[in-house]
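Have a look at the structure below before the remarks.
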Amino acid sequence: MTQNILSLDTVALDEEKNALKIIDQTKLPGKVEILSLSKLEDIYEAIYLLKVRGAPAIGVAAAIGIYLAALEIDEASYDGFYARFKKAKDYLASSRPTAVNLFWALDRMEKVVLDNKGAAPSKLKALLRDEAVKIREEDIKICRSIGEYGLSLIKDGDGILTHCNAGQLATTRYGTALAPIHLGREKGMNFKVFCDETRPLLQGARLSAFEMVCAGVDTTLICDNMASMVMKNGWVKACFVGCDRVAANGDAANKIGTSGVAILAKHYGIPFYVCAPTSTIDMNIKTGKDIVIEERKPEEITEMWYKERMAPAGVKVFNPAFDVTGNELITAMITEYGIARAPYTESFKAIFAKKE
Ligand code: MRU
């Protein structure tokens with residue numbers, strides 16, 4: 001292992017350099033490289049190429065990114081400032097389509113500008129800085145709270161299966177789906193974590209397994225198609241996954257393959273938990289059918305991880321980055337305000353009432 005990734009910031013504002021500081025996740029686990037990005041185009045590219053990824057981390061990166069873009073706006077009038085801010089916001093918003101945290105964070109930043117209509121750009125810049133820092137700090141508290149609620153559902157020594165990476169590398173700290181494991185470690189508990197490798201971008205193998213090993217957790221890596229056997233063997237007491245966008249009825253979009261894990265869990269009678277910060281619950285979307293699913297390049301499947309191409313030239317490739325797990329397959333949704341259960345249209349109302 002090169003370095004303990006858990007002592008580093010996944011995503012942060014570097015105020016000395018006026019830069020977004022991230023760990024380049026495309027290089028993990030082989031190389032721990034910290035990037036310092038100031039230009040809007042570089043921040044867009046970092047999100048688009050998954051150098052920073054995971055719904056909450058994307059939200060924090062976007063908030064810091066739009067603040068840094070605002071710093072570059074050289075306009076004396078409010079209207080001139082807002083026009084350029086809006087252009088930069090729309091550009092960043094087009095970097096990835098599925099994780100709602102991207103739009104949620106950018107909308108929060110825009111609200112700061114709109115709520116201070118007529119203010120001098122220098123004041124707006126200071127307020128935007130405070131909001132970006134607040135979004136990041138809130139993320140840490142939210143993840144810790146999700147971790148506490150998640151931990152209440154499992155016992156010391158349990159086998160836990162996870163898909164993709166919804167850990168510290170996907171957030172500012174702790175993660176969502178892996179937060180109960182990190183908090184459990186803090187309390188001296190030990191879990192046996194099974195990480196699906198998560199084809200095609202291997203977030204499970206490269207990121208979750210790395211993060212769990214760094215935390216000293218008993219970690220076993222499996223190919224995605226081995227989950228059924230591991231569950232059948234009785235090694236999994238619960239599945240914990242993250243999400244990128246949850247509809248008002250509880251349908252949850254997460255990394256491709258998640259719905260298959262949920263179907264298996266139901267078959268074997270294993271609880272399937274989705275860890276969902278309220279920033280990832282999109283009450284404007286009624287069901288999962290309306291969630292836009294990102295499609296990525298065929299090369300991620302045919303050649304990216306191989307020394308030579310592993311599929312015939314000219315073959316058609318379908319490469320959706322996410323799928324939607326129907327709410328009927330989800331045992332409970334773990335938010336920072338508590339654990340929501342079906343019917344989600346009702347339980348989410350109670351969760352959001354608590355938030356207000
Ligand atoms: O394509 P990615 O790596 O950004 O996908 C990430 C996931 O699917 C995560 O499970 C999700 O964003 C939740 S992260 C707390």
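Whatever order the structure lists them in is the order used to number ligands and atoms, beginning at 1. Only heavy atoms go into these numbers, but all of them, side chains included; no hydrogens, no water, no symmetry mates. In this chain, numbering begins with 1 at the start of the sequence shown.
The distance from the NZ atom of Lys51 to the CD atom of Glu33 is 8.5 Å, given to the nearest 0.5 Å. Residue Leu127 holds its CG atom at 11.0 Å from CZ of Arg129, rounded to the nearest 0.5 Å.
A side-chain contact (heavy atoms from CB on, under 4.5 Å) with Phe240 holds for exactly one of Ile146, Ile154, Leu178, Val274; it is Ile154. Between His182 and the choices Gln168, Arg144, Glu211, Arg173, the side chain to side chain donor-acceptor pair (under 3.5 Å) rule is met once, by Glu211.
Defined by atom type and a distance below 3.5 Å, a donor-acceptor pair is present between the side-chain atoms of Asn190 and Arg185. Remark: the Tyr48 side chain and the Ser94 side chain contain no N/O donor-acceptor pair separated by less than 3.5 Å.
Residue contact check: Thr176 has heavy atoms under 4.0 Å from atoms 15 (C) of ligand 1. If you number the atoms of ligand 1 from 1 as listed, the ones under 4.0 Å from a heavy atom of Asn254 come out as 7 (C), 8 (O), 9 (C), 10 (O), 11 (C). Numbered from 1 in the order shown, with element, the atoms of ligand 1 that lie under 4.0 Å from a heavy atom of Ala170 read 14 (S), 15 (C). Remark: ligand 1 atoms within the under-4.0 Å shell around heavy atoms of Lys255 are 1 (O), 2 (P), 5 (O), 8 (O). Set against the non-hydrogen atoms of Arg96, the atoms of ligand 1 under 4.0 Å away are 1 (O), 2 (P), 4 (O). Atoms of ligand 1 lying under 4.0 Å from any heavy atom of Gln203, numbered from 1 in the order shown and given with element: 1 (O), 2 (P), 3 (O). Close approach to Pro56 involves these atoms of ligand 1, each under 4.0 Å from a residue heavy atom: 14 (S), 15 (C).
Ring pair Tyr44/Tyr91 is parallel by interplanar angle, where below 30° counts as parallel and above 60° as perpendicular. Taking the six-membered ring where the residue is Trp, Phe352 and Phe348 present perpendicular rings, their angle passing 60° and hence far from 30°.
Judged by the shortest distance from any of its heavy atoms, Ala99 lies outside the 4.0 Å radius around the atoms of ligand 1. Within the structure, the closest approach of Cys164 to ligand 1 falls below 4.0 Å when heavy atoms are considered. Ligand 1 does not have Leu201 within reach: every non-hydrogen atom of the residue lies 4.0 Å or more from it. Using a non-hydrogen distance threshold of 4.0 Å, Gln25 does not register as a contact of ligand 1. Using a 4.0 Å cutoff on heavy atoms, Cys243 counts as a contact of ligand 1.
By heavy-atom distance, the residue among Arg53, Arg245, Glu294 lying nearest atom 3 (O) of ligand 1 is Arg53.
By the criterion of a heavy-atom distance under 4.0 Å, neither the backbone nor the side chain of His163 is placed next to ligand 1. Looking at Thr258 against ligand 1, nothing comes within 4.0 Å, counting heavy atoms.
By the 3.5 Å distance cut-off applied to N or O atoms, Ala55 is counted among the residues near ligand 1. Between Ile58 and ligand 1, a contact under 3.5 Å exists for no N or O pair. Between Asp244 and ligand 1, a contact under 3.5 Å exists for at least one N or O pair.
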**Request:** Could you check Asp323 against Ser259 for side chain to side chain donor-acceptor pair (under 3.5 Å), going step by step and ending with a plain yes or no?
**Result:** CA-CA 6 Å; Asp323 62 20; Ser259 66; 3.0 Å; yes

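Taking the side chain as every heavy atom from C-beta outward, Pro298 and Ile301 never approach each other to under 4.5 Å.
No donor-acceptor pair closer than 3.5 Å links the side chain of Asp282 to the backbone N or O of Arg245.
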